[in-house]
Student: 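Structure below; questions to follow.
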Amino acid sequence: MSREATLNKVRTALGRSAGQGIAAPPPVRLRVEAHLEAHLEAHLEAIGMEARIASMLRAVEALAGKSRRAATGEDARSYVGAVLDGRSAVASNAPFLRECGVVDLAGVQSGFTDAAALRALCATAEVGITSADYALADTGTLVMLASPAEARLISLLPPVHIAVVPKERVLSGLDELFTILPHPAAQTSSMVLITGPSRTADIEQILVRGVHGPGEIHVVVVG
């Protein structure tokens, strides 16, 4: 395939044409200045908690994920139980999952501290359940910082991933995330951004889900 033919396929996929100008970048929504805290508070007030949550849920659905707004931890627990429907599951050690009673559901195993035992269970469990350190409203992204509370394998290895997130952790986007957490490597060995089910189009440009990770994802925002 010639270079021009390849570029034309890329343009077509992006909805562009040859010679089309580059669009102006979107405005910066958050600027890091001397009075950072005041700017951040004003920013959050401007976009609103409910608007952020609604955007988060829409973005997850647009990515072929499933979303749920749960008023209480008990509501979240009921939803997770319905999704499990008797399937085996492994849950992270995130305190919020215990607060919601998710780890007490039938078929859910949690509390692992041994890496080998956790790896073996994740390889056979049908569902992985986590919380998330942050969630990004504009893209429906889950931000997972590797820690004893949130082992990476639980969100990556089982074919189904359920994330139960308190509403206070829903941020507007990457700009806000890196304002709150400007140096992730100083806090964690790994920061994983999960945006929808795993997908690839490497083979003949055909979209396939679940190749490199969970093919089904549920995001539950609580509060």
Side-chain angles (χ1 to χ4, degrees), residues 53 56-57 59-61 63-136 140-170 188-200 208-223:
I53 294 172
M56 177 74 194
L57 301 181
V60 171
E61 295 283 343
L63 293 163
K66 299 179 181 180
S67 66
R68 178 81 169 197
R69 177 74 183 276
T72 65
E74 179 59 34
D75 291 340
R77 181 181 185 274
S78 297
Y79 177 80
V80 174
V83 173
L84 293 179
D85 192 25
R87 291 185 289 184
S88 62
V90 55
S92 74
N93 297 331
F96 190 65
L97 296 182
R98 190 166 297 280
E99 291 175 23
C100 294
V102 169
V103 298
D104 299 321
L105 287 167
V108 176
Q109 298 186 62
S110 186
F112 287 89
T113 56
D114 180 75
L118 178 61
R119 186 180 303 109
L121 181 58
C122 286
T124 58
E126 297 171 275
V127 182
I129 308 171
T130 69
S131 186
D133 294 277
Y134 302 101
L136 309 183
T141 299
L142 300 171
V143 181
M144 313 288 292
L145 305 180
S147 70
E150 290 288 11
R152 290 178 298 174
L153 280 178
I154 296 175
S155 64
L156 298 174
L157 199 52
V160 178
H161 177 205
I162 304 174
V164 183
V165 188
K167 69 177 185 179
E168 294 79 13
R169 298 182 194 172
V170 180
T188 178
S189 62
S190 172
M191 181 172 75
V192 177
L193 305 183
I194 301 173
T195 307
S198 167
R199 63 190 68 204
T200 184
V208 180
R209 295 190 179 93
V211 175
H212 305 299
E216 179 181 332
I217 187 168
H218 299 252
V219 177
V220 184
V221 178
V222 184

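Atom set for the values below is all heavy atoms of this structure, side chains included, hydrogens, waters and symmetry mates excluded. All values reported here derive from a predicted model rather than from experimental measurement.
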Student: Quick check against the 3.5 Å criterion: does Glu150 have a side-chain atom that pairs as donor or acceptor with the backbone of Ser131?
Tutor: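 The answer is yes, because a donor-acceptor pair under 3.5 Å joins these two groups.
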Student: Taking atom CD of Gln109 and atom CG of Leu118, what is their separation to the nearest 0.5 Å?
Tutor: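 Between atom CD of Gln109 and atom CG of Leu118 there are 10.5 Å.
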Student: Mind listing the closest non-hydrogen atom pair of Val103 and Arg98 along with its distance?
Tutor: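 Taking every non-hydrogen atom into account, CG2-NH1, 3.6 Å.
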Student: Counting only heavy atoms not in Arg68 (residues, nucleotides, ligands), do more than 12 fall under 6.0 Å from its CZ?
Tutor: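 Incorrect, the count does not exceed 12.
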Student: Can you tell me how far OG1 of Thr188 sits from CG of Asp133, rounded to the nearest 0.5 angstrom?
Tutor: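 Reported to 0.5 Å precision, the distance equals 8.0 Å.
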Student: What residues, two or more places apart in sequence or in another chain, satisfy side-chain contact (heavy atoms from CB on, under 4.5 Å) together with Asp114?
Tutor: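 side-chain contact (heavy atoms from CB on, under 4.5 Å) check on Asp114 returns Ala116, Ala117.
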Student: Which of these, Glu74, Arg69, His218, sits in a side-chain hydrogen bond (donor to acceptor under 3.5 Å, both in side chains) with Tyr79?
Tutor: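 Filter result, single survivor: His218.
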Student: Show the numbers, then the answer: is there a side chain to side chain contact (heavy atoms under 4.5 Å, CB included) between Val90 and Ile129?
Tutor: CA-CA 6 Å; Val90 55; Ile129 308 171; over 6 Å; no
Student: At what distance, to the nearest 0.5 angstrom, does CE of Met144 lie from OG of Ser190?
Tutor: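 The OG atom of Ser190 is 10.0 Å from CE of Met144, to the nearest 0.5 Å.
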Student: What is the minimum heavy-atom distance between Phe96 and Val165, and which atoms define it?
Tutor: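 Where Phe96 meets Val165 most closely, the heavy atoms are CE2-C, 4.0 Å.
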Student: Out of curiosity, Ser67 OG to Glu61 CD, how far, rounded to the nearest 0.5 Å?
Tutor: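 With rounding to 0.5 Å, OG (Ser67) is 3.5 Å from CD (Glu61).
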Student: Between the main-chain N or O of Ser88 and the side-chain N or O of Glu126, is there a donor-acceptor pair closer than 3.5 Å?
Tutor: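 A pair under 3.5 Å: yes.
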Student: What distance do Leu156 atom CG and Ile154 atom CD1 have between them, rounded to the nearest 0.5 Å?
Tutor: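 With rounding to 0.5 Å, CG (Leu156) is 10.0 Å from CD1 (Ile154).
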Student: Is the backbone of Asp75 close enough, under 3.5 Å, to the side chain of Thr72 for a donor and an acceptor to pair up by distance?
Tutor: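 At least one qualifying donor-acceptor pair exists.
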Student: Evaluate the side chain to side chain contact (heavy atoms under 4.5 Å, CB included) criterion for residues Thr141 and Tyr134: first the C-alpha distance (whole Å), next the side-chain angles of each, then the deciding distance (0.1 Å), finally the verdict.
Tutor: CA-CA 8 Å; Thr141 299; Tyr134 302 101; over 6 Å; no
Student: How close do Ala106 and Leu84 get, heavy atom to heavy atom, and via which atoms?
Tutor: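 That closest heavy-atom pairing would be O-CD1, 4.5 Å.
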Student: For Gly140 and Val60, which heavy atoms make the closest approach, and how far apart are they?
Tutor: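 Gly140 and Val60 have their closest heavy atoms at O-CG2, 3.9 Å.
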Student: Take Leu57 and Val221 through the side chain to side chain contact (heavy atoms under 4.5 Å, CB included) test and state the conclusion after the steps.
Tutor: CA-CA 8 Å; Leu57 301 181; Val221 178; 3.9 Å; yes
Student: Under 3.5 Å, is there a donor-acceptor pair between the side chain of Asn93 and the main chain of Ser110?
Tutor: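 Not a single qualifying donor-acceptor pair exists.
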Student: Just wondering, do Val164 and Val80 contact through their side chains at under 4.5 Å, heavy atoms?
Tutor: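 Heavy-atom side-chain distance check passes, below 4.5 Å.
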Student: For Thr130 and Ser92, does a side-chain donor sit closer than 3.5 Å to a side-chain acceptor?
Tutor: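 Ser92 and Thr130 do not have a side-chain donor-acceptor pair below 3.5 Å.
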Student: How long is the straight-line distance from CG of Leu153 back to CZ of Arg119, given to the nearest 0.5 Å?
Tutor: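 It comes to 6.5 Å.
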Student: Side chain of Arg169, backbone of Ala132: donor and acceptor closer than 3.5 Å?
Tutor: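 Confirmed, Arg169 side chain pairs with Ala132 backbone.
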Student: Go through it in stages, so that I can follow the logic: the residues are Ile217 and Lys66, the test is side chain to side chain contact (heavy atoms under 4.5 Å, CB included), and I'd like the CA-CA distance, side-chain angles, deciding distance and then a yes or no.
Tutor: CA-CA 6 Å; Ile217 187 168; Lys66 299 179 181 180; over 6 Å; no
Student: If every non-hydrogen atom of Pro214 is compared with every non-hydrogen atom of Pro158, which pair is closest and at what distance?
Tutor: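 Residues Pro214 and Pro158, closest heavy atoms: CG-O, 3.3 Å.
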